[in-house]
Amino acid sequence: MTAVNKIDVPSEHWDKLFAPSACLVMITTVDDAGRVNAASYGTCVRVCHDPVYIAFTTGATKDTYNNILANGEFVVNVPSYERAILEKVRVVGLEFPPGVNELDKAGLTALPAKVVKPPRIADCRSHFECKVEWTKQWLHRLMVVGKVVAASVDDGCVDDKGYVLWDKLKPAHYCGHEYKNGFVAAYEPMWVDMIYNEPIPPRPTGK
């Protein structure tokens, strides 16, 4: 791939960068031997603004599941709504055996992270390095909540105040399991007015 300059994002802008608040992502982890694993996730959500926390769930049979429990670190990589990388997102989502590097299979480029052991995916435009805050077993899945400890983005994809330039970052959504290969764009914002202008009564306080 063509070399792209990644810029570190200061912590006060992390919440602005994870937009929309739920995205299609590829998550990278490493196992105890340092082998890289990557997996695609259609539902990854920012669940706290300050500090910034990101949550997702993973199946109990996944390498991500084992690596998260073993090492407590992961990187959230946000692909753009462009055919070339969305095709690679699908490859990363295949059920390769443990120890196989999905980045190699998909033709994606690993880029060392700034703080954690799992790499960033250079082909993605924004990245959130996370340390696991807590996990919870749920049905046949593991709920994972991670605290963002570093973030980076392609130069030119945010303005000088840290706000996303939507036509440059081009985040995407996955249509869902039943749609198999369907994705939708998530980068056409609409700014609306506040139409409610009546007083808001105070909320009750606990005793």
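Side chains are part of it too, since the values below use all heavy atoms of this structure and drop only hydrogens, waters and symmetry mates.
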**Student:** If you define the side chain from C-beta out and look only at heavy atoms, does anything of C130 sit under 4.5 Å from Y53?
**Tutor:**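 Counting from C-beta outward, C130 and Y53 never come under 4.5 Å.
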
**Student:** Verify, without hydrogens or angle tests, whether D123 (side chain) and T109 (backbone) share a donor-acceptor contact under 3.5 angstrom.
**Tutor:**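 It does hold such a pair.
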
**Student:** Going through the distances and angles, do N37 and D31 end up as a side chain to side chain contact (heavy atoms under 4.5 Å, CB included)?
**Tutor:** CA-CA 8 Å; N37 176 263; D31 65 14; over 6 Å; no

**Student:** Hydrophobic cluster membership, with links at side-chain heavy-atom distances under 4.5 Å among I/L/V/M/F/W/Y: are V52 and F56 in one?
**Tutor:** yes

**Student:** Say you draw a straight line from CZ of R35 to OG1 of T29; how long is it, rounded to the nearest 0.5 Å?
**Tutor:**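 Result: 11.0 Å between the selected atoms.
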
**Student:** Check whether any side-chain heavy atom of I68 sits under 4.5 Å from a side-chain heavy atom of T58, and report yes or no.
**Tutor:** no

**Student:** Would you check if V158 and V9 make a side-chain contact, meaning some heavy-atom pair closer than 4.5 Å?
**Tutor:** no

**Student:** Say whether, by atom type as modelled, one donor and one acceptor occur between the side chain of Y174 and the main chain of K180 under 3.5 angstrom.
**Tutor:**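 Checked: pair present.
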
**Student:** About how many Å separate CZ of R46 and CG of L17, when rounded to the nearest 0.5 Å?
**Tutor:**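 CZ of R46 is found 10.0 Å from CG of L17.
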
**Student:** Looking only at heavy atoms, which two atoms of A186 and W166 are closest? And how far apart?
**Tutor:**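 Minimum heavy-atom contact is O-CZ3, 3.7 Å.
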
**Student:** Is V75 linked to L24 within one hydrophobic cluster, defined over Ile, Leu, Val, Met, Phe, Trp and Tyr using a side-chain heavy-atom separation of less than 4.5 Å?
**Tutor:**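 Cluster IDs for V75 and L24 differ.
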
**Student:** Would you say CD of E188 has more than 12 non-hydrogen atoms from neighbouring residues, nucleotides or ligands within 6.0 angstrom?
**Tutor:**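 Incorrect, the count does not exceed 12.
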
**Student:** First locate atom OG of S126, then atom CD1 of I7, and finally report the distance between them rounded to the nearest 0.5 Å.
**Tutor:** 11.0 Å

**Student:** Can you hop from V164 to M190 via hydrophobic side chains spaced under 4.5 Å?
**Tutor:**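 Looking at the clustering, M190 is in a separate group from V164.
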
**Student:** Do you know the tightest heavy-atom contact between M143 and A55?
**Tutor:** CE-CB, 3.8 Å

**Student:** Looking at A38, is its backbone amide N or carbonyl O close enough to the side chain of E102 to form a donor-acceptor pair, meaning the two atoms are under 3.5 Å apart?
**Tutor:** yes

**Student:** State whether the side chain of T28 and the backbone N or O of P118 hold a donor-acceptor pair below 3.5 Å, judged by distance alone.
**Tutor:** no

**Student:** Going by side chain to side chain donor-acceptor pair (under 3.5 Å), name the residues that satisfy it together with S40, two or more places apart in sequence or in a different chain.
**Tutor:** none

**Student:** Provide the closest heavy-atom pair for P119 versus V30 in the form atom of the first, atom of the second, distance.
**Tutor:** CD-CG1, 4.3 Å

**Student:** Could you check whether atom NZ of K168 has more than 12 heavy atoms from other residues, nucleotides or ligands sitting under 6.0 Å from it?
**Tutor:** no

**Student:** Quick one: CD on E95 to NZ on K62, what's the gap to the nearest 0.5 Å?
**Tutor:** 3.5 Å

**Student:** Work out which heavy atom in L169 is nearest to a heavy atom in A19; give both atom names and the distance.
**Tutor:** CD2-O, 4.5 Å

**Student:** Give every donor-acceptor pair under 3.5 Å between a side-chain atom in residues 79-87 and any protein atom, sequence neighbours left out.
**Tutor:**
unit_1	atom_1	unit_2	atom_2	d
S80	OG	E82	OE1	3.4
E82	OE1	R125	NH2	3.0
E82	OE2	R125	NH2	3.0

**Student:** Does the pair R120 and K114 meet the rule for a side chain to side chain contact (heavy atoms under 4.5 Å, CB included), with working shown?
**Tutor:** CA-CA 9 Å; R120 295 173 288 177; K114 291 301 187 79; 4.0 Å; yes

**Student:** For C44 versus V76, what's the shortest heavy-atom pair and its separation?
**Tutor:** SG-CG1, 4.1 Å

**Student:** Would you give the length of the straight line joining atom NZ of K117 to atom NZ of K131, rounded to the nearest 0.5 angstrom?
**Tutor:** 8.5 Å

**Student:** Applying side chain to side chain contact (heavy atoms under 4.5 Å, CB included), run through Y41 and T64 and close with a yes or a no.
**Tutor:** CA-CA 11 Å; Y41 290 91; T64 303; 3.2 Å; yes

**Student:** Less than 4.0 angstrom from a charged side-chain N to a carboxylate O is my criterion; do D154 and K6 meet it?
**Tutor:**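 Counted as a salt bridge, because a side-chain N and a carboxylate O are separated by less than 4.0 Å.
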
**Student:** Give a yes or no on whether V25 and L111 share a hydrophobic cluster (residues Ile, Leu, Val, Met, Phe, Trp, Tyr; joining criterion: side-chain heavy atoms under 4.5 Å apart).
**Tutor:**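 No, it is not one cluster - the side chains of V25 and L111 are not joined through contacts under 4.5 Å.
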
**Student:** Would you confirm whether E73, through its side chain, and V116, through its main-chain N or O, come within 3.5 Å as a donor-acceptor pair?
**Tutor:**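 Side chain of E73 to backbone of V116: no pair is present.
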
**Student:** Indicate if V91 and M26 have the same hydrophobic cluster label, given that clusters are the connected sets of ILVMFWY residues with side-chain heavy-atom separations under 4.5 angstrom.
**Tutor:**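 No, V91 does not connect to M26 through the hydrophobic network.
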
**Student:** Report yes or no: does K88 contribute a side-chain atom to a donor-acceptor pair with the main-chain N or O of G107 at less than 3.5 Å?
**Tutor:**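 Such a contact is found between K88 side chain and G107 backbone.
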
**Student:** Using modelled atom types only, decide if a donor and an acceptor are shared between the side chain of N77 and the backbone of I121 within a distance under 3.5 Å.
**Tutor:** yes

**Student:** Are the side chain of H140 and the backbone of G59 linked by a donor-acceptor contact shorter than 3.5 Å?
**Tutor:** no

**Student:** Measuring from atom OG1 of T57 to atom CH2 of W138, what distance do you get when rounded to the nearest 0.5 angstrom?
**Tutor:**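 Nearest 0.5 Å value for the OG1-CH2 distance: 6.0 Å.
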
**Student:** For I54 and V148, what are the C-alpha separation, side-chain angles and deciding distance, and is it a side chain to side chain contact (heavy atoms under 4.5 Å, CB included)?
**Tutor:** CA-CA 7 Å; I54 295 174; V148 178; 3.7 Å; yes

**Student:** Any idea which heavy atoms bring H173 and P20 closest together, and the distance?
**Tutor:**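 Heavy atoms only, the tightest pair is CE1-CG, 3.7 Å.
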
